[in-house]
Protein chains: 2
Amino acid sequence: MGEWQQDPATFPQAVAVDLVVFTLREDGLRVLLVTRGVDPFLWRRALPGGFVGPDETLDAAAERELREETGLRQVEAHLEQLRSYGDPGRDPRTRVISVAYLALAPDLPDVTPGSDAASAAWVPIDQALAGGLAFDHDRVLADGLERARAKLEYSTLATAFCPEEFTVADLRGVYEAVWGTGLDPRNFHRKVTGTPGLLIDTGRTRSEGPGRPAALYRAGDAVGLNPPLIRD
Amino acid sequence: MGEWQQDPATFPQAVAVDLVVFTLREDGLRVLLVTRGVDPFLWRRALPGGFVGPDETLDAAAERELREETGLRQVEAHLEQLRSYGDPGRDPRTRVISVAYLALAPDLPDVTPGSDAASAAWVPIDQALAGGLAFDHDRVLADGLERARAKLEYSTLATAFCPEEFTVADLRGVYEAVWGTGLDPRNFHRKVTGTPGLLIDTGRTRSEGPGRPAALYRAGDAVGLNPPLIRD
DNA sequence: ACGGGTTATCGTCATAATGACGAGAACAAA
DNA sequence: TTTGTTCTCGTCATTATGACGATAACCCGT
């Protein structure tokens, strides 16, 4: 029989959203972490997050937290639900079910520390993966990274890391940073320029440092890569 | 600043698990639905589900519900978290965050109706997709089906629909039923027998009706299909 | 027993996609 | 002008796929 037939059991519990926000810097992939200013896990790093309001959608709560934590009004970022974590005891205070979200954004500016003790920072991914995050956030971060890596294979998500206009090399840099591998520039170029609807040629070029100037593209309306780009 | 720093807001709310349980019958894919015996949505069909206990893991709650609803002690089924749904108002009684799970099982026996008014039944997928489910379960079911279809492409999940020993034709039947398409038996055979670690030859064969007997296999330890099987 | 229907399995062939890598184009810097 | 760098286009062998022919090994009806 379904428990739906009984009254909802409303023991003390809370619902939160946690954010795995990735951005790309010159030196590689970074994730947004906050340093906790209160117990539990005082002074430990954690994923940004917060509780869901009584009349708030999960997506809306995630968007609100993203704006609050990055300090930006309009955040142009990809935001999608990752998965939920609800082990009893994951928060020592009370039962907390956390709905994790994955966000991908182009190079975002440093976060100005809030007025309170909690400071946010973009932490290189290797350092963040080393462990020691509060709650079960080590696992959440790992899951978020794996999701991002996997979605690059079969979706056009990589453009979410790029600014409005970008080059093929920029896009390749996304794959190399997120996957942590090297890709052949020629084969990658062939693949992405050959995928219909992925890139829109602006007609202009950009010259950075030495080398032939690269064509500038904007993201097309394609959402999937078919066949996918496979990593080893 | 992170809301983590404030006390968890514990307004009245509940956390539930809902199950999208698929099985395969002779005539195609079916999903487990219950008919509600109480308000809200009295007499409407719904996905089986129930509230998560105070000291219960989300996964444990899903497994418990799966056992309860199918009436089986040991359910050999694939069970994975799908995603969470938390729109305010999705349950008219109170705020309910539902963590949906996807379960895939080999042909399961009919469910003996419980002693109460809520009866469970394996409903053909077309009929279930036609709409009219309680809460937001139309959407949950659609998401679950899409997840199952997608995972068949790049994972060995199809074997979860098969009994201990199965033939290549059985496996192909899974793809055809879930995808709703026809596949070339010869190319499919080449693909699955050529994937290392996917099938373990038992050496025996099975003869059903006319036609050459088919080799019997068990599921190997491969988890991924590389390259994936793509659907149009 | 024997031939026809059916399904499983193996092969063939053209096409598509990929990995590896050569080579020219177009720039900056020495 | 020469050198070095990056972008872009091409070539070629290998692999995977879709389409489909052909054989193997069973059922059944006569």
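In the text below, chain A, chain B and the rest are named by the order of the sequence lines, each starting its count at 1.
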(request) On the 0 to 90° scale, with breaks at 30° and 60°, tag the A/Y175-A/W179 ring pair as parallel, tilted or perpendicular. (result)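 Judged by the thresholds at 30° and 60°, the geometry between A/Y175 and A/W179 is perpendicular.
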Within less than 4.0 Å of OP1 or OP2 of [N], is there a side-chain N or O belonging to [X]?
X: B/R186; N: C/dT7; value: no
X: A/K191; N: C/dA17; value: no
X: A/H189; N: D/dT8; value: yes

Rounded to the nearest angstrom, tell me the gap between atom [atom1] in [X] and atom [atom2] in [N].
X: B/F188; N: C/dG11; atom1: CZ; atom2: P; result: 19 Å
X: B/E208; N: C/dT6; atom1: CD; atom2: P; result: 17 Å
X: A/L216; N: C/dC27; atom1: CG; atom2: P; result: 14 Å
X: B/E153; N: D/dT17; atom1: CD; atom2: P; result: 12 Å
X: A/L183; N: C/dG19; atom1: CG; atom2: P; result: 9 Å
X: B/D184; N: C/dC10; atom1: CG; atom2: P; result: 15 Å

(request) Spell out, as yes or no, whether a donor-acceptor pair under 3.5 Å connects the side chain of B/T167 to the backbone of B/A214. (result)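 Here the side-chain-to-backbone pair does not exist.
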(request) Specify the residue among B/P227 and A/D170 whose closest nucleotide of DNA chain D lies further upstream toward the 5′ end. (result) A/D170
(request) By nearest nucleotide on DNA chain D, pick out whichever of B/L229 and B/S207 is the more 5' one. (result) B/L229
(request) Pick base, sugar-phosphate or nothing for A/R206, based on heavy-atom distances below 4.0 Å to the nucleic acid. (result) nothing
Proximity to the side chain of [X] - top-ranked nucleotide from [options]:
X: B/R212; options: C/dT7, D/dC27, D/dT6; answer: C/dT7
X: B/P210; options: D/dG4, C/dT6, D/dT17; answer: C/dT6
X: B/N187; options: D/dA16, D/dA24, D/dC20; answer: D/dC20

(request) May I ask you to verify whether the side chain of A/R190 and the base of C/dG19 hold a donor-acceptor pair under 3.5 Å? (result) yes
(message) Can you tell me how far apart OH (B/Y101) and CG (B/L19) are? Round to the nearest 0.5 Å.
(response)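 Spacing of OH (B/Y101) from CG (B/L19) equals 9.5 Å.
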(request) Any chance you could measure B/R212, atom CZ, to B/T205, atom OG1, to the nearest 0.5 Å? (result) 10.0 Å
(request) Classify the side-chain pair A/Y85/A/D143 by whether it contains a donor and acceptor separated by less than 3.5 Å. (result) yes
